[in-house]
Novice: 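First, the structure itself, so that you have it in front of you.
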Amino acid sequence: MEQLRPILAGTAQQGGIGRVSIVIEWENVLLAGNSRAKQMLAQVIQQANRLPNCHEILISATCNQPALAQRPNTLRDAIDWQLLIHPGQHYYELKNLGARQASGDLIAFVDSDVLPEDNWLEQLLAPLDEPSTQVCCGRAHIDTTNLYTKAFALFWFFPVRQRSRVQTGAPLVKHCWPTTDHFFANNIAFRRSTALAYPFPASKATSRGACLELSQQLHKAGIPIRLNSQAWVAHPPPQPGEHFVHRALAQGRDCYLRSSGLSRTILGSGWRWIRNSGRTLIKIAWLHQHVDLKWYEIPAAWLIGLAYYSLYWMGEIGTMLRLKAVLSISI
């Protein structure tokens, strides 16, 4: 932690790290649960207290949250606390509305269902010490506590947290942050001017595809997305049952709506099912030791992945057929 402060403290006058606003959407908590959200807030508050330039924390919620109306007594006095209520709005809109009301020079977005690791905030903001950096992101991985979560950690779209590469609290090395062509909205920071100029595109047709669309917009505008691989958050998998089904169907629907040409045909959809199913088996077999998945658990983990991507394929087919039950899913 002490290795970070010389970089992050007192550089606002140089055009690098200025006042920091933290925006937390308050919709994912409805699925992840209050217990996890409390852990997330405790981590964010603890890390914000250690950051000299942290200016405010804004909770952007879709409905009133009495438990969040009062300022936490653990929050440093110099940091402002605001509960913003935006009725009828959802995930990306909550982020955009929070950004518009933020007053910091930098805006860090974190979700209500992730658990930031130690030094996450300092690591996430460190690339912005360079005045030319406009956007920087960290990494997210799936919690691994049982067979179900380990399976998702291996086959879903978040990277596998390989044990050999874990470096919690690793020191910063300036000017070594690579660029990336995509990011996850649960773990990203912008300069305020960039966040306002390039809000998350909110589409009624898709649920969570705005990250990809915004990444493309930034690329076309010549704005690189910096990646600090030491800024990690832990993300939960879909809840078993209804959320599992809806998430898979919606992800397939969104993929189909983003596709074009041959990819947007029954053949393209069938090829994606084969590719996703095969890739799932290979990843689980090859990387299972990184999440402590036993060899005899591999078939069960693959069946979970196969079920997910079969529903994903059904989401594509349902979208082709314009089934209202698929088109109306919101996650």
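Computed from a predicted model, the values in this text were never measured in an experiment.
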Novice: How would you list all residue pairs meeting salt bridge (charged side-chain N to carboxylate O under 4.0 Å, His left out) that involve residues 299-322, not counting sequence neighbours?
Specialist: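 Pairs touching residues 299-322 that pass the test: Arg272-Glu316.
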Novice: Could you note down all residue pairs passing side-chain hydrogen bond (donor to acceptor under 3.5 Å, both in side chains) where residues 67-81 supplies at least one of them, sequence neighbours left out?
Specialist: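 Checked against side-chain hydrogen bond (donor to acceptor under 3.5 Å, both in side chains) - neighbours excluded - the pairs reaching residues 67-81 are Asp80-Gln82.
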Novice: Output yes when Arg50 and Glu122 qualify as a salt bridge under the 4.0 Å nitrogen-oxygen rule, no when they do not.
Specialist: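 Counted as a salt bridge, because a side-chain N and a carboxylate O are separated by less than 4.0 Å.
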Novice: Holding to salt bridge (charged side-chain N to carboxylate O under 4.0 Å, His left out), I want the full list of residues that pass it with Lys95, two or more places apart in sequence or in another chain.
Specialist: Asp111
Novice: If you group Ile, Leu, Val, Met, Phe, Trp and Tyr by side-chain heavy-atom gaps below 4.5 Å, do Leu227 and Leu214 land in one group?
Specialist: no
Novice: Any chance you could lay out the ring pair (Phe, Tyr, Trp, His ring centres under 6.0 Å) test for Tyr309 and Phe155, step after step, and finish with the verdict?
Specialist: CA-CA 10 Å; Tyr309 283 117; Phe155 76 75; 5.7 Å; yes
Novice: Applying side-chain hydrogen bond (donor to acceptor under 3.5 Å, both in side chains) as the test, list every pair that has at least one member in residues 295-304; sequence neighbours left out.
Specialist: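 Found none.
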Novice: Is the shortest side-chain N to carboxylate O distance from Asp143 to Arg161 below 4.0 Å?
Specialist: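 The answer is no: the pair does not qualify as a salt bridge.
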Novice: If only atom types and distance count, is the side chain of Gln39 paired as donor or acceptor with the main-chain N or O of Leu115 below 3.5 Å?
Specialist: no
Novice: Should the heavy atoms of other residues, nucleotides or ligands under 6.0 Å from NE2 of His243 be counted, would the total exceed 12?
Specialist: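 Check passes, neighbour count above 12.
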Novice: Check Phe244, Trp313, Phe157 against Tyr308 for a ring-ring contact (aromatic ring centres under 6.0 Å, His included) and give me the one that passes.
Specialist: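 Result for ring-ring contact (aromatic ring centres under 6.0 Å, His included) with Tyr308: Phe244.
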Novice: Would you say the side-chain atoms of Ser229 and Arg139 include a donor-acceptor pair closer than 3.5 Å?
Specialist: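 Yes, side-chain donor-acceptor contact under 3.5 Å.
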Novice: Taking salt bridge (charged side-chain N to carboxylate O under 4.0 Å, His left out) as the test, write out the residues that go with Arg192, two or more places apart.
Specialist: none
Novice: Test of understanding: with salt bridge (charged side-chain N to carboxylate O under 4.0 Å, His left out), list the residues that count as partners of Asp113, not counting sequence neighbours.
Specialist: none
Novice: Ring centroid separation for Phe200 and Phe109, is it under 6.0 angstrom?
Specialist: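 Yes; Phe109 has its ring centre under 6.0 Å from that of Phe200.
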Novice: Does a donor on one side chain sit under 3.5 Å from an acceptor on the other, for His90 and Thr62?
Specialist: no
Novice: Apply side chain to side chain donor-acceptor pair (under 3.5 Å) to Trp120 and Asn187, showing your working.
Specialist: CA-CA 9 Å; Trp120 159 78; Asn187 183 17; 2.6 Å; yes
